[in-house]
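See below for the structure under consideration.
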Amino acid sequence: MDRGTDARNFLLGNVIPLKLGYVGLVNRSQEDINFNRSVKDALAFEEKFFSTLPAYHGLAHCCGIPQLAKKLNMILLKHITDMLPGLKTRINAQLVAVAKEHAAYGDTVESAAGQGVKLLNILRKYCEAFSSMVEGKNRVSTDKLSGGARIHYIFQSIFVKSLEEVDPCKSITDEDIRTTIQNSGGPKGAMFLPEVPFEILVRKQIGRLLDPSLQCAQFIYDELIKISHGCLTSELQKFPILKKRMSEVVSSFLRDGLRPAETMITHIIEMEMDYINTSHPSFVGGTKVVELAKHEVLPPKTSASLSVHKDGTSVGSEIQLTAERGQKSRAVFARDANRRATSEQGDMDAGTSLTGGSQMGNSQLSGSPSSKLHSIIQLKEPPITLKPSETEQDATEVAIVKLLIKSYYDIVRKSIEDAIPKAVMHFLVNYTKRDLHNFLIRKLYRENLLNELMRETDEVLIRRQRIQETLEVLEQAHRTLEEFPLEAEKIEKGYDLAGHATGLPKIHGLGEDGPNGIFTSSPNRYGAHQTSHLVI
């Protein structure tokens with residue numbers, strides 16, 4: 001400013017109001033620079049300038065470099081104080097995340113003993129994670145089934161449901177049943193419906209349960225493989241060789257458990273096939289199955305014409321059923337007498353024809369011996385493939401066999417639905433939970449394998465170093481923020497001009513004056529013709 005003027009109105013904010021106000025300073029003049037006047041002398045001159053001029057009386061709080069320094073520091077302090085809570089929160093969150101990642105990487109272990117301990121800890125955590133996932137105790141998912149829940153789904157919603165949807169007679173035709181019945185009678189035929197056709201056909205249907213049972217075990221094996229791949233993935237990522245070897249060992253272990261499970265399943269099916277227990281309390285046989293079969297085979301008019309007792313038994317069939325009550329389930333009912341009578345009458349007719357023919361032939365032979373060859377009756381040769389004849393009685397027998405097969409198949413199916421999941425759980429799932437840990441230790445915890453298995457990749461080593469450095473920086477920042485209130489309290493107490501020429505703490509490496517002083521400047525910094533030395 002020129003002499004004879006003052007900046008009072010500017011400092012008071014009367015000319016251009018500013019939110020943070022103004023601070024008046026006295027810069028060094030060109031003369032001060034030429035004579036290398038010290039900063040201390042310049043500050044003393046500035047203080048004398050503002051204190052002696054009447055225009056600046058009462059404005060000491062906004063005049064001078066010390067007041068500017070104080071004002072700027074208070075502004076910075078307020079800004080930091082406002083930002084401090086959010087800053088602390090962010091740094092603490094980063095500190096926790098980095099510390100967690102650092103703990104996951106752990107420290108580098110060089111000794112064989114340390115590597116052994118680390119390997120044992122990994123194997124223990126892996127098996128604990130495997131069991132937890134099977135039992136549903138590890139990070140329960142909310143968007144899809146996982147772990148043991150998938151095993152239960154396979155048992156109940158795939159295996160059991162598929163067996164319940166199977167029709168035991170779908171693959172057996174009526175002709176198959178008639179053929180089996182007639183074949184079991186041999187050359188004499190059978191007076192009663194034999195047990196052999198039923199057993200042959202029901203064994204065939206029971207055998208069909210083997211494939212889905214083995215497939216169920218394979219599904220559970222696949223699920224256990226998936227579970228094993230999801231255990232301890234982050235920690236094993238640091239040791240690729242160990243991860244690969246563990247995957248191979250676990251797969252081998254599960255295959256070893258699958259084999260006895262499949263053997264047991266085969267034995268269960270074979271046991272059901274080897275002994276057909278027709279004395280089972282749930283088996284529908286005897287007169288009851290005859291009753292059901294007749295109602296299925298008889299036409300509606302015939303069925304309606306039969307009188308029915310209060311208990312639902314038809315009078316027309318009561319006589320026959322009464323005679324059958326003493327028979328065992330394998331002799332379900334006697335064949336129709338009319339059928340035998342018809343057959344016998346046919347035989348008698350055939351015999352009569354033959355006799356008559358012979359007599360006629362004899363009479364003719366007596367008259368003409370040369371015609372003897374023409375009297376022999378030629379029979380047709382039986383065809384290579386014979387099909388059974390079909391009668392009304394056969395239809396009833398077919399219906400009875402079907403009912404017997406369905407009844408016994410339901411008994412076996414329910415037993416299989418219960419036994420197969422138990423066998424798979426015992427020989428495969430629970431076996432894995434019990435013995436996997438010991439198996440991994442036997443296969444992997446060997447001194448000659450430790451260096452190879454516990455070798456980390458270069459990427460892991462570099463990442464661990466960076467995380468360590470980041471953690472140290474965040475810890476230092478956390479300590480600084482914790483100490484900040486104490487520093488702020490010191491700043492709020494103000495500045496001592498007597499202790500420090502500028503009113504600011506001394507900075508290491510910077511002098512107060514002289515050629516290297518922070519306020520020393522070359523003549524080129526200020527114009528040679530500058531005449532004013534007061535700035536705002």
Side-chain angles (χ1 to χ4, degrees), residues 1 6-29 32-33 37-53 55-92 94-95 473-521 525-526 532-536:
M1 298 183 63
D6 63 76
R8 183 178 183 86
N9 288 331
F10 279 96
L11 296 176
L12 292 175
N14 295 332
V15 180
I16 302 176
L18 294 179
K19 183 178 179 180
L20 299 179
Y22 294 85
V23 177
L25 306 178
V26 177
N27 282 335
R28 293 193 296 173
S29 64
D32 296 334
I33 296 173
R37 182 178 296 177
S38 66
V39 174
K40 184 177 180 180
D41 294 339
L43 291 174
F45 175 80
E46 180 187 55
E47 182 182 6
K48 180 180 179 181
F49 175 84
F50 286 116
S51 62
T52 55
L53 291 179
Y56 301 109
H57 287 174
L59 299 179
H61 64 283
C62 58
C63 294
I65 289 177
Q67 294 299 327
L68 175 62
K70 180 179 180 180
K71 189 176 186 68
L72 294 176
N73 277 279
M74 294 305 297
I75 292 172
L76 178 61
L77 176 63
K78 184 178 183 304
H79 175 73
I80 294 176
T81 303
D82 293 340
M83 299 294 296
L84 192 60
L87 187 61
K88 280 186 176 180
T89 301
R90 290 195 299 271
I91 288 181
N92 287 338
Q94 293 180 19
L95 185 59
V473 171
L474 289 173
E475 288 175 345
Q476 179 60 45
H478 178 74
R479 288 192 297 268
T480 301
L481 291 178
E482 292 296 326
E483 297 171 356
F484 180 76
L486 298 176
E487 296 295 332
E489 184 179 354
K490 293 179 181 178
I491 295 174
E492 290 176 352
K493 290 181 179 179
Y495 301 87
D496 183 11
L497 188 57
H500 303 283
T502 62
L504 300 175
K506 181 182 295 185
I507 301 176
H508 179 70
L510 296 178
E512 292 186 353
D513 51 17
N516 295 324
I518 60 173
F519 288 96
T520 301
S521 176
R525 182 173 178 179
Y526 301 96
S532 62
H533 57 273
L534 174 63
V535 297
I536 301 175

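Predicted model only: the values in this text are computed from it and were never measured.
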Between [atom1] on residue [X] and [atom2] on residue [Y], distance to nearest 0.5 Å:
X	Y	atom1	atom2	result
H57	R8	NE2	CZ	9.0 Å
I75	K70	CD1	NZ	12.5 Å
D32	N27	CG	CG	10.0 Å
D82	L87	CG	CG	12.0 Å
E47	Q67	CD	CD	10.0 Å
K88	L95	NZ	CG	13.5 Å

Shortest non-hydrogen contact from [X] to [Y]?
X	Y	value
F50	G64	CE1-N, 3.8 Å
A55	L59	O-CD1, 4.1 Å
L25	I65	CD2-N, 3.4 Å

Query raised in the report: Hey, is the main chain of R37 close enough, under 3.5 Å, to the side chain of R28 for a donor-acceptor pair?
Result: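 Looks like yes, one N/O pair under 3.5 Å.
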Query raised in the report: Would a 4.5 Å heavy-atom cut-off, applied to side chains only, mark R479 and Q476 as touching?
Result: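 Side-chain contact under 4.5 Å: yes.
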Query raised in the report: Does the side chain of V26 reach to within under 4.5 Å of the side chain of F45, using non-hydrogen atoms?
Result: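 They are in contact (side-chain heavy atoms under 4.5 Å apart), so the answer is yes.
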Report task. Check the pair D6 / L53 against side-chain contact (heavy atoms from CB on, under 4.5 Å), numbers first and verdict last. Result -> CA-CA 9 Å; D6 63 76; L53 291 179; over 6 Å; no
Requested in this report: With V23 as reference, evaluate L72, L68, L11 under the side-chain contact (heavy atoms from CB on, under 4.5 Å) test and give the passing residue.
Outcome: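 Of all the options given, the one that passes is L68.
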Report task. Mind telling me whether F49 and Y56 have parallel, tilted or perpendicular rings, with 30° and 60° as the class edges? Result ->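 Y56 vs F49 ring planes: tilted.
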